[in-house]
Engineer: 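The following block contains the structure, expressed as C-alpha cells.
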Amino acid sequence: MIVAFGTINVDMVTVVPRFPTPGETVKGRDYQLFPGGKGANQAVAAARAGARVVLVGCVGRDGFADVALAGAKALGIDLTRVRRCDAPTGAQMIAIDPTGENLMIGADAANRAAVAEQLDGLLGPGVTLLTQNSLGTREVERAVARARAAGARVVYNAAPAEPVDPATFAASDVVIVNEHEARGYAARFELPTEFRAFAEAAARCFATCFVVTLGARGLIAARPDAPTLVGTPPAVACVDSTGAGDALAGALAAALDRGETLEAALGQGLTAGALACRETGAQTSFADLAEIRRFVPGARLAPAEPA
C-alpha cells in the first residue's frame with residue numbers, strides 16, 4: 001500500500017503564445033480546471049500504475065475541494081485521511097507555452113493545515129510513504145521520521161528545494177529531485193553541481209538512492225553501493241509537461257511497492273513521466289500500468305560510463 005502525504009490543489013491551466021515578462025500581460029484564449037497538487041498527483045499516478053493508495057492531506061470547505069479530489073475519487077483512492085478546514089483549497093495557476101513548457105504560480109492555502117499526525121496508524125512494514133516538500137519541510141520531516149521508525153519504505157520527492165534536515169534524506173529509501181532542485185541542494189550541502197557528480201556525492205553522503213530527473217533527457221540514479229544508472233525515456237510528442245515529474249514518482253513508488261527491482265521501477269517511472277507529456281493537464285494525462293508496460297521497452301536504462 002502507498003500512503004501519499006502531500007498537497008491537494010485545483011489547477012487552472014491556460015495555453016499562452018509565450019510567457020510574460022515582469023509587468024506584462026499575456027492572455028490565453030481559454031482555461032481549464034483540473035485536479036492537482038503534488039500529493040494528489042502522485043497518489044493518482046501510483047493508483048493508475050496499479051497501487052492501492054491512501055491520500056493524506058487537507059482541502060477547504062469550498063467548491064474547489066470537489067474539483068481537487070475528483071481524480072482521486074474516480075480511481076477509488078482512500079480519502080478518509082483527507083481533512084477539511086476553513087482555509088480555501090490550494091490552487092495552482094499554470095501557463096503552458098507552444099513547446100509544452102509550463103510556468104506555475106501557486107497558493108498553499110488549506111495545504112498548510114496538513115500534519116504528520118494524520119498518518120497515525122497507516123505506516124508500517126509493507127507500506128510505502130510517498131511525500132514531497134510541497135507541504136513545507138516541517139511536517140514532511142516528521143512524516144519521514146515516523147515512516148522510518150515504523151519500518152515503512154520512503155520515496156521522497158524533495159521538491160521544491162527547501163532547507164531540509166539531512167536526517168530526512170538519510171531516512172529515505174529513494175530521493176527524487178529535478179535539475180533545479182539538484183542545484184539548490186548542491187549549494188546547500190556543498191556538493192558538486194554537475195548532475196551525475198551531485199547524484200553520486202549525495203548518494204554517498206546520505207547513504208541512499210538519489211535520482212536526478214532531467215526532463216526529456218531522462219534521469220541519473222546514483223546508489224552508494226552499486227553502479228550509477230543513466231535512463232532515457234521513450235520518445236513522445238510533448239504537448240504539456242505539467243505533472244510529468246509526479247507521474248514518474250508515482251509509477252516508481254508503485255513498482256517498488258509491489259516488489260519490483262529499482263531498475264524496473266526507474267524504467268516504469270521514466271516511461272510514465274514521458275507518457276504524461278502527451279496531453280494537457282496532470283492527472284488526466286497519467287497512463288495506466290498496461291500502457292506503461294507497453295511503452296517501457298522504449299526506455300533505456302544502463303550503467304553510466306566510467307567517470
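Throughout, numbering of the chain's residues begins at 1 and tracks the sequence. Atoms considered below: every heavy atom in the structure, side chains included; atoms not considered: hydrogens, waters and symmetry mates.
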Engineer: Taking Asn178 for its side chain and His180 for its backbone only, find out whether a donor-acceptor pair lies under 3.5 Å.
Structural biologist: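 Yes; judged by distance alone, with no hydrogens or angles, the pair exists.
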Engineer: Arg84 side chain to Arg61 main-chain N or O, any donor-acceptor pair under 3.5 Å?
Structural biologist: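 Not confirmed, Arg84 side chain does not pair with Arg61 backbone.
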Engineer: For Asp257 and Met1, indicate whether the former's side chain and the latter's backbone hold a donor-acceptor pair under 3.5 Å.
Structural biologist: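 Side chain of Asp257 to backbone of Met1: a pair is present.
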Engineer: Rounded to the nearest 0.5 Å, what separation is found between the CD atom of Gln92 and the CG atom of Asn9?
Structural biologist: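 Taking CD in Gln92 and CG in Asn9, the distance rounds to 6.0 Å.
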Engineer: With under 30° as parallel and over 60° as perpendicular, where do the rings of Phe169 and Phe206 fit, or are they tilted in between?
Structural biologist: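 Plane angle between 30° and 60°, so tilted.
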Engineer: How about Ile2 and Arg52: do any of their side-chain heavy atoms sit closer than 4.5 Å?
Structural biologist: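 Ile2 vs Arg52: side chains apart.
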Engineer: Please examine the side chains of Leu33 and Phe64, heavy atoms only from C-beta on, and report whether any two atoms are closer than 4.5 Å.
Structural biologist: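 Yes, at least one pair of side-chain atoms sits under 4.5 Å.
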Engineer: Please check: side-chain N/O of Ser241 versus main-chain N/O of Cys277, any donor-acceptor pairing under 3.5 Å?
Structural biologist: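 No.
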Engineer: Under a single-linkage definition using a 4.5 Å side-chain heavy-atom cutoff for Ile, Leu, Val, Met, Phe, Trp and Tyr, are Phe195 and Leu270 assigned to the same hydrophobic cluster?
Structural biologist: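 No, separate clusters.
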Engineer: Can you hop from Leu135 to Val53 via hydrophobic side chains spaced under 4.5 Å?
Structural biologist: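 The answer is no; the residues belong to distinct hydrophobic clusters.
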Engineer: Please identify which of these residues, Val212, Leu266, Leu214, meets the side-chain contact (heavy atoms from CB on, under 4.5 Å) condition with Leu219.
Structural biologist: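 That would be Leu266.
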Engineer: Any donor-acceptor pair under 3.5 Å linking the side-chain atoms of Thr89 with those of Asp62?
Structural biologist: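 The criterion, which ignores hydrogens and geometry beyond distance, is satisfied for Thr89 and Asp62.
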Engineer: Report yes if the side chains of Asp165 and Thr137 come closer than 4.5 Å at any heavy-atom pair, otherwise no.
Structural biologist: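 No, side chains not in contact.
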Engineer: Looking only at heavy atoms, which two atoms of Ala199 and Ile220 are closest? And how far apart?
Structural biologist: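 That would be CB-CG2, 4.2 Å.
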Engineer: Tell me yes or no: between the side chains of Asp246 and Gln42, is some donor less than 3.5 Å from an acceptor?
Structural biologist: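 On atom types as modelled, these side chains qualify, holding a pair under 3.5 Å.
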Engineer: Side chains of Ser172 and Val144: does their closest heavy-atom pair fall under 4.5 Å?
Structural biologist: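 Result yes, sub-4.5 Å side-chain heavy-atom pair found.
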Engineer: Can you see which heavy atom on Ala114 is nearest to which on Gly57, and at what distance?
Structural biologist: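 Answer, listing the atom of Ala114 first, then Gly57: CB-CA, 4.2 Å.
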Engineer: Side chains of Asn111 and Ser134 only: does a donor on one sit below 3.5 Å from an acceptor on the other?
Structural biologist: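 Distance-only check fails for Asn111 and Ser134.
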Engineer: Distance from Arg18 atom CZ to Thr21 atom OG1, nearest 0.5 Å?
Structural biologist: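 The CZ atom of Arg18 sits 7.0 Å away from the OG1 atom of Thr21.
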Engineer: Within the distance-only criterion (no hydrogens, no angle test), does the side chain of Arg146 pair as donor or acceptor with the backbone N or O of Asp120 below 3.5 angstrom?
Structural biologist: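 A pair under 3.5 Å: no.
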Engineer: Could you tell me which non-hydrogen atom of Ala247 sits nearest to which non-hydrogen atom of Ala276, and how far apart they are?
Structural biologist: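 Closest approach of Ala247 to Ala276, heavy atoms only: CB-CB, 3.8 Å.
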Engineer: Please check this pair: side chain of Thr261 against backbone of Ala264, looking for a donor-acceptor N/O pair closer than 3.5 Å.
Structural biologist: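 Yes, Thr261 side chain to Ala264 backbone: donor-acceptor pair under 3.5 Å.
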Engineer: Tell me whether Arg223 contacts the main-chain N or O of Phe210 through its side chain, where contact means a donor paired with an acceptor under 3.5 Å.
Structural biologist: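 No, Arg223 side chain to Phe210 backbone: no donor-acceptor pair under 3.5 Å.
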Engineer: Between Gly71 and Pro35, what is the shortest heavy-atom contact and its length?
Structural biologist: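 Nearest heavy atoms, Gly71 then Pro35: N-CG, 3.9 Å.
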Engineer: Set out, in order, the CA-CA distance, both residues' side-chain angles and the distance that settles side chain to side chain contact (heavy atoms under 4.5 Å, CB included) for Ile77 and Val54, then state yes or no.
Structural biologist: CA-CA 6 Å; Ile77 290 173; Val54 179; over 6 Å; no
Engineer: Would you say that Leu256 contacts Thr128 through its side chain, given a criterion of any heavy-atom pair below 4.5 Å between the two side chains?
Structural biologist: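 Of all side-chain heavy-atom pairs linking Thr128 with Leu256, none is under 4.5 Å.
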Engineer: Side chains of Glu139 and Leu119: closer than 4.5 Å at any heavy-atom pair?
Structural biologist: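 Result no, sub-4.5 Å side-chain heavy-atom pair not found.
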Engineer: Are the side chains of Val164 and Glu141 in contact, using a 4.5 Å heavy-atom criterion?
Structural biologist: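 They are in side-chain contact.
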Engineer: Tell me, with the steps shown, if Ile176 and Thr213 meet side chain to side chain contact (heavy atoms under 4.5 Å, CB included).
Structural biologist: CA-CA 7 Å; Ile176 305 169; Thr213 62; 4.0 Å; yes
Engineer: Output, in order, the C-alpha distance, side-chain angles, deciding distance and verdict of salt bridge (charged side-chain N to carboxylate O under 4.0 Å, His left out) for Arg293 and Glu291.
Structural biologist: CA-CA 5 Å; Arg293 285 177 169 163; Glu291 190 170 25; over 6 Å; no
Engineer: Is there a path of hydrophobic side-chain contacts, each under 4.5 Å between heavy atoms, that joins Phe189 and Val175?
Structural biologist: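 Same cluster.
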Engineer: On a heavy-atom basis, which atom in Gly39 and which in Ala4 lie closest, and how many Å separate them?
Structural biologist: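 Looking at all heavy atoms of both residues, the shortest contact is O-CB, 4.0 Å.
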Engineer: Using the rule given for salt bridge (charged side-chain N to carboxylate O under 4.0 Å, His left out), can you reason through Arg142 versus Glu117, listing the C-alpha separation, both sets of side-chain angles and the distance that settles it, and then say yes or no?
Structural biologist: CA-CA 9 Å; Arg142 296 177 66 225; Glu117 282 76 10; 2.2 Å; yes
Engineer: Among side-chain atoms of Arg300 and Thr232, is any donor-acceptor pair under 3.5 angstrom?
Structural biologist: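 Thr232 and Arg300 do not have a side-chain donor-acceptor pair below 3.5 Å.
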Engineer: Hey, are Tyr156 and Asn133 close enough side-chain-wise for a donor-acceptor pair under 3.5 Å?
Structural biologist: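 Yes.
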Engineer: Walk me through it: do Gln32 and Met12 pass the test side chain to side chain contact (heavy atoms under 4.5 Å, CB included)?
Structural biologist: CA-CA 6 Å; Gln32 295 172 282; Met12 181 180 292; over 6 Å; no
Engineer: Distance-only, no hydrogens or angles: does the Arg81 side chain make a donor-acceptor pair with backbone N or O of Phe5 under 3.5 Å?
Structural biologist: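 No; zero donor-acceptor contacts below 3.5 Å.
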Engineer: Which atom names give the shortest non-hydrogen contact between Ala49 and Ala254, and what distance separates them?
Structural biologist: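 Looking at all heavy atoms of both residues, the closest pair is CB-CB, 3.8 Å.
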Engineer: Counting only heavy atoms from other residues, nucleotides and ligands, does the tally under 6.0 Å from CZ of Phe19 exceed 12?
Structural biologist: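 Yes, enclosed.
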Engineer: Which value, rounded to the nearest 0.5 Å, describes the distance between Thr193 atom OG1 and Arg183 atom CZ?
Structural biologist: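 One finds 8.5 Å between OG1 of Thr193 and CZ of Arg183.
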Engineer: Evaluate Leu129 against Arg153 for side chain to side chain contact (heavy atoms under 4.5 Å, CB included), listing each step before the verdict.
Structural biologist: CA-CA 6 Å; Leu129 174 68; Arg153 177 189 292 107; over 6 Å; no
Engineer: Quick one: does Pro233's side chain get under 4.5 Å of Arg217's, heavy atoms only?
Structural biologist: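 Heavy-atom side-chain distance check fails, nothing below 4.5 Å.
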Engineer: Hey, could you give me the CG/OG1 distance between Asp173 and Thr208, rounded to the nearest 0.5 Å?
Structural biologist: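 Going from CG on Asp173 over to OG1 on Thr208, the span is 6.0 Å.
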Engineer: To the closest 0.5 Å, what do you measure between CD (Gln132) and CD (Glu162)?
Structural biologist: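 Between Gln132 CD and Glu162 CD, I get 12.5 Å after rounding to 0.5 Å.
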Engineer: Tell me whether Glu190 at atom CD has more than 12 heavy atoms from other residues, nucleotides or ligands lying less than 6.0 Å away.
Structural biologist: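 Incorrect, the count does not exceed 12.
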Engineer: Give the cluster check for Ile8 versus Val56: same hydrophobic cluster or not, with ILVMFWY residues linked at side-chain heavy-atom distances below 4.5 Å.
Structural biologist: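 Shared cluster, no.
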Engineer: For Glu200 and Thr228, test the side chains for any donor-to-acceptor distance below 3.5 angstrom and give the result as yes or no.
Structural biologist: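 The criterion, which ignores hydrogens and geometry beyond distance, is satisfied for Thr228 and Glu200.
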Engineer: Going hydrophobic residue to hydrophobic residue with side-chain gaps under 4.5 angstrom, can you get from Leu252 over to Val230?
Structural biologist: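 Shared cluster, no.
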Engineer: Does atom CZ (Arg278) have a neighbourhood of more than 12 heavy atoms from anything else shown, all under 6.0 Å?
Structural biologist: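 Yes, enclosed.
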Engineer: In Å, rounded to the nearest 0.5 Å, how long is the span from CG of Leu75 to CG of Asp288?
Structural biologist: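 Between Leu75 CG and Asp288 CG, I get 10.0 Å after rounding to 0.5 Å.
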Engineer: Go through it in stages, so that I can follow the logic: the residues are Glu179 and Arg196, the test is salt bridge (charged side-chain N to carboxylate O under 4.0 Å, His left out), and I'd like the CA-CA distance, side-chain angles, deciding distance and then a yes or no.
Structural biologist: CA-CA 11 Å; Glu179 299 168 75; Arg196 176 179 170 183; over 6 Å; no
Engineer: Distance-only, no hydrogens or angles: does the Gln283 side chain make a donor-acceptor pair with backbone N or O of Phe34 under 3.5 Å?
Structural biologist: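 No, Gln283 side chain to Phe34 backbone: no donor-acceptor pair under 3.5 Å.
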Engineer: Is there a donor-acceptor contact under 3.5 Å from the side chain of Asp11 to the main chain of Val13?
Structural biologist: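 Such a contact is absent between Asp11 side chain and Val13 backbone.
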Engineer: Answer yes or no: does atom OH of Tyr185 have more than 12 heavy-atom neighbours from other residues, nucleotides or ligands under 6.0 Å?
Structural biologist: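 Buried by this count: over 12 neighbours within 6.0 Å.
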Engineer: Does a donor on one side chain and an acceptor on the other come within less than 3.5 Å for Gln268 and Thr271?
Structural biologist: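 No pair is found: no donor N or O on one side chain lies under 3.5 Å from an acceptor on the other.
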